[in-house]
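Here is the structure we will look at, set down as C-alpha cells.
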Amino acid sequence: MEEEKDIISIDFGAFFKIIWKEKIAIVLITILFTIGGVAYALLAREEFVSTGKILPEYQSKAGGLGQFAGLASLAGIDVSSAAGGGADAIRPDLYPDVLKSTPFFLDLLKIKVKTKDNKEMPFSQFYDAFVLDNKIEEKNTKIKFPTSNQYITVSYQTEKNLKDLRERISAIIDKKTGLITVTVKLPDPVVATIITDYSMNFLTNYITNYRTEKAKRDLNFLAERLDAAKGKYYTNQAKKAQYSDQYQLSMMKLQAADLQRERIESEYKISSTFYNTLLQKYEEAKLKLQQETPVIKVLEPPVVPNKRSEPKRAIVVLIATFLGVIFGIIFGLIRKKNYKLVIK
C-alpha cells in the first residue's frame, strides 16, 4: 500500500481538458511571446561574419635547401650546415593563439578602418560607437597602475573590450590539412572584412618573423664581421702590394726587410683566409634565411558579406513562440491549482 502511494500518475485526459479550458490564456501568452520575439528580431543589432583562409608551409628543415645543393657545392658552401635539422620551430597548432594575444588586440585597436558608409576612423572609435553604443563609464577608462616597458597595463574598459574581441575574432586550424580559417564577427560588414584581412596579415607576418628571426640575426652579425674583415683584408693587400713595389728593384737583401716582408705576408694570408671563410659563412646564412622563410598562401581572401549572420529572425520567432506555448501551459496548470487534477 505504501509503494502505491509513492507512484505519481498523470491524467492526460484531464491535462487536455485543462488546456482546452485555458486555451484563451495560453493563446494570449503565446501571442505576447511571439510579439516579443518579433520585436527582438527586428531591433537586435545585426552582426556580419567575414572569413578568410590561409595555408602555411609545413616542411622539415632537413632537405629544405636541396634545390640549392648543386649550386652551393660548386661555390664551396656546405648546405647541410645551413639547413640544420629537425622540424618547424613553432607548433602549427599554436598559430591560432597568436590572434588571441594581448599585443595583437592592442595593435588592432589603433588601425584605421572604413565603414560601409565610407567613414574612416580608428577601430577603437568604431568599437566604442557601434559595439558598445558609446555606453562607457568614465571611471572604467582610467589606468589604475603605473605604466612600464616591462609589462602591459590597460584600463578595466579595455580589458573588457579585449575579452569581447577574443570572442569576435577567432582562428581555427584544420590539423589534417593545416588550413587556417580566420573569422571575424562585427556589426559592419566592411569593417569585419578589413579586420579579417588585418588578422591574416598579422598572423602571416608573425609566422614569418618567428621562423626567420634567428637566421636574420645571424646574417646581420656575419654581415658586420664580413665588412670589418673585408676592410682589414684590403688594407693588408694594399700594404703587401706597396711593399713589393718598394723592394722589387732593390738588390740589397737585408734581414730586417725579410722579416718585415714575412710579417706583411703573414697578416695578408690570415686576413685573406678569415675574409674568405666569413664570405662562405655569409652565403650559407643567406641560403639558410631563404630556407627558413615560409611560404604562406592565401587560399580564400576575405569577402564583404552581403547577408547578416545574426540575428536569425525566423529562428528567434520560432523559439519565442515555443516558449510562449510552454509558459502558457504552465500558467494554465498553475491557475486555480489545475495541476492537482492532472497529477494524482
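Source: prediction; values computed, not measured.
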* Kindly indicate, with the supporting measurements, whether the criterion side chain to side chain contact (heavy atoms under 4.5 Å, CB included) is fulfilled by Val98 and Phe104. => CA-CA 7 Å; Val98 174; Phe104 163 70; 5.6 Å; no
Step through the shown structure and confirm whether more than 12 heavy atoms of other residues, nucleotides or ligands are within 6.0 Å of [atom1] on [X].
X: Lys23; atom1: NZ; answer: yes
X: Phe145; atom1: CZ; answer: no
X: Phe130; atom1: CZ; answer: yes
X: Ile152; atom1: CD1; answer: yes
X: Asn209; atom1: CG; answer: yes
X: Glu120; atom1: CD; answer: yes

[Y] side chain reached by [X] side chain, heavy atoms, under 4.5 Å:
X: Val190; Y: Thr115; answer: no
X: Phe123; Y: Ile194; answer: no
X: Ile26; Y: Ile19; answer: yes
X: Glu310; Y: Lys185; answer: yes
X: Arg166; Y: Phe105; answer: yes
X: Leu108; Y: Ile169; answer: yes
X: Glu46; Y: Pro187; answer: no
X: Val191; Y: Val184; answer: no

* To do: Show your working on side chain to side chain donor-acceptor pair (under 3.5 Å) between Asn201 and Asp197 and close with a plain yes or no.
  => CA-CA 6 Å; Asn201 290 332; Asp197 181 71; 3.3 Å; yes
From [atom1] ([X]) to [atom2] ([Y]), nearest 0.5 Å:
X: Asn140; Y: Ser155; atom1: CG; atom2: OG; value: 7.5 Å
X: Lys142; Y: Gln157; atom1: NZ; atom2: CD; value: 14.0 Å
X: Ile329; Y: Ile334; atom1: CD1; atom2: CD1; value: 12.0 Å

* Could you walk me through whether Ile195 and Arg168 pass the side chain to side chain contact (heavy atoms under 4.5 Å, CB included) test, one step at a time? => CA-CA 11 Å; Ile195 299 303; Arg168 292 178 171 275; over 6 Å; no
* Asked: If we ignore angles and hydrogens, is there a donor and acceptor under 3.5 Å between the side chains of Thr34 and Thr321?
  ->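 Judged by distance alone, the side chains do pair up.
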* Do Asn276 and Gln280 get their side chains close enough for a donor-acceptor pair, meaning under 3.5 Å? ->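 Checked: Asn276/Gln280 side chains show no N/O donor-acceptor pair below 3.5 Å.
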* **For the student: nearest non-hydrogen atoms of Lys116 and Asp188, plus distance** =>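 It is N-OD2, 3.0 Å.
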* Show your working on side chain to side chain contact (heavy atoms under 4.5 Å, CB included) between Tyr127 and Asp164 and close with a plain yes or no. => CA-CA 11 Å; Tyr127 185 86; Asp164 178 63; 2.6 Å; yes
* To do: Going by the side-chain contact (heavy atoms from CB on, under 4.5 Å) test, name the single residue among Leu55, Ile180, Thr177, Thr181 that passes it with Leu299.
  =>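 Of the listed options, the one satisfying the test is Leu55.
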* Please determine if Lys17 forms a cation-pi arrangement with Trp20, meaning its NZ or CZ atom is less than 6.0 Å from the six-membered ring centre and no more than 45° off the ring axis. =>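 Judged by the rule (NZ or CZ under 6.0 Å from the ring centre, within 45° of its axis), Lys17 is not positioned above Trp20.
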* Phe202 vs Tyr198 aromatic rings, parallel, tilted or perpendicular, using cut-offs 30° and 60°? ->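 If you compare the ring of Phe202 with that of Tyr198, the planes turn out tilted.
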* Could you list who else is in Tyr40's hydrophobic cluster, with ILVMFWY side chains joined at under 4.5 Å, directly or through other members? =>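 Result for Tyr40 is Val316.
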* **Ser101 side chain to Asp97 backbone, donor-acceptor under 3.5 Å** =>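 Checked: no pair found.
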* Asked: Is there a donor-acceptor pair under 3.5 Å between the side chain of Ser309 and the backbone N or O of Glu47?
  ->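 Judged by distance alone, yes, a pair lies under 3.5 Å.
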* To do: Determine, stepwise, if the pair Val131 / Asn161 fulfils side chain to side chain contact (heavy atoms under 4.5 Å, CB included).
  => CA-CA 10 Å; Val131 178; Asn161 295 349; over 6 Å; no
